[in-house]
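Residue numbering restarts at 1 for every chain, and letters A, B, ... go by the order of the sequence lines. Remember, predicted model here, so these are calculated numbers, not experimental data.
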There are 2 protein chains.
Amino acid sequence: MNIGQAAQASGVSTKMIRYYESIGLVPPAGRRDSGYRDFGPADLHRLGFIRRARDLGFSVERIRLLLELWSDTHRSNTEVKAIALTHIQELEERARQLQEMADNLRTLAQACDGDGRPDCPIIQGLEAGGEPACHSVHPARH
Amino acid sequence: MNIGQAAQASGVSTKMIRYYESIGLVPPAGRRDSGYRDFGPADLHRLGFIRRARDLGFSVERIRLLLELWSDTHRSNTEVKAIALTHIQELEERARQLQEMADNLRTLAQACDGDGRPDCPIIQGLEAGGEPACHSVHPARH
DNA sequence: GTTGACCTTCCCATCATGGGAAGGTGCAGG
DNA sequence: CCTGCACCTTCCCATGATGGGAAGGTCAAC
């Protein structure tokens, strides 16, 4: 199977398949005499695993861990679950931060009539935004 | 005022101040005889505007628009509000996608006991994840 | 044998940010 | 005056995951 067909079957682009090979996330594909890569069912299986993990937002490095656990028949599901729970927390933290930005901006936007006059509370909020909007330092606080 | 002091006062790192200057987001700072940049109150004001906009998740290009509107005394607040509302939608869309990933993963994780056995529904879900997971919806990268 | 679709490698771009090297400036203490 | 240290300058490189595109080889159908 050529790389294009493997891409279509797995849902991973040809660019990404080559990239994953280059960083060792998948083993080097077999080659035909022509130099073309040749993919078999096991390769597709692995690529599908990777794509589903990416669809769930896992980073490449986390996927590398998951792949190791996948191929380890003596793995403990405790480790897998720990990775998953950590990832869930990170996803929710990022979602929460984005939503917080949206909420803050909406507060500003609600004060703006948008009626065509030059007067604009949104601009004013950015201009002199009260406090330094507690950003960089300690994101802990829960 | 040196760049380090401007950085502390505005909450924008020295690296970022130079970068913003290089891409024309802020005008070239004045220079002393030594070649050191010299920042005045107007520069700090602009840097503070930029930092607050970034804290709200605006991209550099959007900030460029906002800065133009800021300096345009005849601006209409309609435009500003339109940018803000568009941005709110994008933020909430991204937050929603992240939360959806978290929810999907949590569904898998809840099926996993994490009791130390090799059997793991999370790995199984990644391995044979049913549907091709609807590829058309990517996390938006602007 | 030609054509067009596919493959190969290699380099470059993104976006916002930081790291670090090599060298100049400024100031305070001996 | 000299030394040291903290700061400044520019320049290059790296990130993470992805795509674009060029230059050139391969394959299959007509």
Side-chain angles (χ1 to χ4, degrees), chain A residues 1-26 28-39 43 47 50-65 67 87 90-91 94 97-98 101 135-136 139, chain B residues 1-26 28-39 43 47 50-67 87 90-91 94 97-98 101 135-142:
Chain A
M1 203 179 207
N2 282 346
I3 196 173
Q5 298 165 309
Q8 239 187 338
S10 66
V12 178
S13 74
T14 60
K15 282 281 189 188
M16 281 300 100
I17 293 177
R18 294 194 192 97
Y19 173 67
Y20 291 155
E21 183 183 298
S22 80
I23 63 173
L25 200 64
V26 298
R31 298 285 182 141
R32 289 188 222 262
D33 290 351
S34 64
Y36 283 21
R37 287 176 182 79
D38 192 10
F39 296 83
D43 300 311
L47 287 171
I50 292 171
R51 184 187 55 74
R52 283 181 284 271
R54 284 224 48 75
D55 285 347
L56 289 172
F58 282 100
S59 72
V60 163
E61 286 316 306
R62 285 263 167 82
I63 295 175
R64 202 186 293 275
L65 287 180
L67 286 168
H87 186 56
E90 289 174 6
L91 288 172
R94 279 156 62 198
Q97 283 175 357
L98 290 173
M101 290 182 198
H135 84 131
S136 56
Chain B
M1 202 177 209
N2 281 346
I3 196 173
Q5 298 165 311
Q8 240 188 337
S10 66
V12 179
S13 73
T14 59
K15 283 282 189 187
M16 280 299 102
I17 293 176
R18 295 194 192 99
Y19 172 67
Y20 291 154
E21 183 183 299
S22 79
I23 63 173
L25 200 64
V26 299
R31 297 287 180 139
R32 288 188 222 263
D33 290 351
S34 64
Y36 283 20
R37 287 176 181 80
D38 192 11
F39 295 85
D43 300 310
L47 286 172
I50 292 171
R51 186 186 54 73
R52 283 181 285 271
R54 283 224 48 76
D55 285 347
L56 289 171
F58 283 100
S59 73
V60 164
E61 286 317 304
R62 285 264 167 82
I63 295 175
R64 203 187 292 275
L65 288 178
L66 292 172
L67 285 167
H87 187 55
E90 290 174 4
L91 288 171
R94 284 197 276 152
Q97 284 175 357
L98 290 173
M101 290 183 200
H135 220 246
S136 58
V137 186
H138 286 262
R141 285 179 307 276
H142 45 270

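- Listed by chain and residue number, nothing satisfies the side-chain hydrogen bond (donor to acceptor under 3.5 Å, both in side chains) test with B:Q5 (two or more places apart in sequence, or in another chain).
- Heavy-atom minimum distance, A:D38 versus A:M1: OD1-N, 2.6 Å.
- Between A:R51 and A:S10, the shortest heavy-atom contact is NE-O, 2.7 Å.
- Atom CZ in A:R51 sits about 16 Å away from atom C1' in D:dT18, given to the nearest Å.
- Between A:R54 and A:V60 the shortest heavy-atom distance is NH1-N, 4.1 Å.
- The listed nucleotides are D:dA17, C:dT8, C:dA16; the one nearest the side chain of A:R31 is C:dT8.
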What does the list of N/O pairs under 3.5 Å between the protein and nucleotides 6-8 of chain D look like, with a distance for each?
{"unit_1": "D:dC7", "atom_1": "O2", "unit_2": "B:Y36", "atom_2": "OH", "d": "3.2"}
{"unit_1": "D:dC8", "atom_1": "OP1", "unit_2": "B:I3", "atom_2": "N", "d": "3.4"}
{"unit_1": "D:dC8", "atom_1": "OP1", "unit_2": "B:G4", "atom_2": "N", "d": "2.5"}

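- One can place OH of A:Y19 at 18 Å from P of C:dC12, the figure rounded to the nearest angstrom.
- By the side-chain hydrogen bond (donor to acceptor under 3.5 Å, both in side chains) test, B:R62 is found to be paired with B:E90, residues two or more places apart in sequence or in another chain being considered.
- Note: CD1 (A:I63) to P (D:dG16) measures 13 Å, nearest angstrom.
- For residues 11-25 of chain B, the set of pairs meeting the side chain to side chain donor-acceptor pair (under 3.5 Å) definition, not counting sequence neighbours, comprises B:E21-B:R37.
- Under 4.0 angstrom from either OP1 or OP2 of D:dT18 there lies at least one side-chain N or O belonging to A:R54.
- Two residues are said to be in side-chain contact when any heavy atoms from C-beta on lie closer than 4.5 Å; A:V26 and A:L47 meet this criterion.
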Can you name the atoms? Protein N/O to nucleotides 18-21 of chain C N/O, anything below 3.5 Å, with the distance.
{"unit_1": "C:dG18", "atom_1": "OP2", "unit_2": "B:S13", "atom_2": "OG", "d": "3.0"}
{"unit_1": "C:dG19", "atom_1": "N7", "unit_2": "B:K15", "atom_2": "NZ", "d": "3.2"}
{"unit_1": "C:dG19", "atom_1": "O6", "unit_2": "B:K15", "atom_2": "NZ", "d": "2.7"}
{"unit_1": "C:dG20", "atom_1": "O6", "unit_2": "B:K15", "atom_2": "NZ", "d": "2.4"}

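- Nearest approach of B:N2 to B:Y36, heavy atoms of both residues: OD1-CD2, 3.9 Å.
- If you check every strand for non-hydrogen atoms under 4.0 Å, A:F58 touches nothing.
- For B:E61, the side-chain contact (heavy atoms from CB on, under 4.5 Å) partners at least two apart in sequence or on another chain are B:S59, B:R64.
- The CE-P distance, from A:M1 to C:dC6, rounds to 14 Å in whole Å.
- For the pair B:S34 and C:dG24, the criterion of a side-chain N or O lying under 4.0 Å from OP1 or OP2 is not met.
- Taking atom CZ of A:R32 as the reference point, atom C1' of D:dC27 lies 10 Å away to the nearest angstrom.
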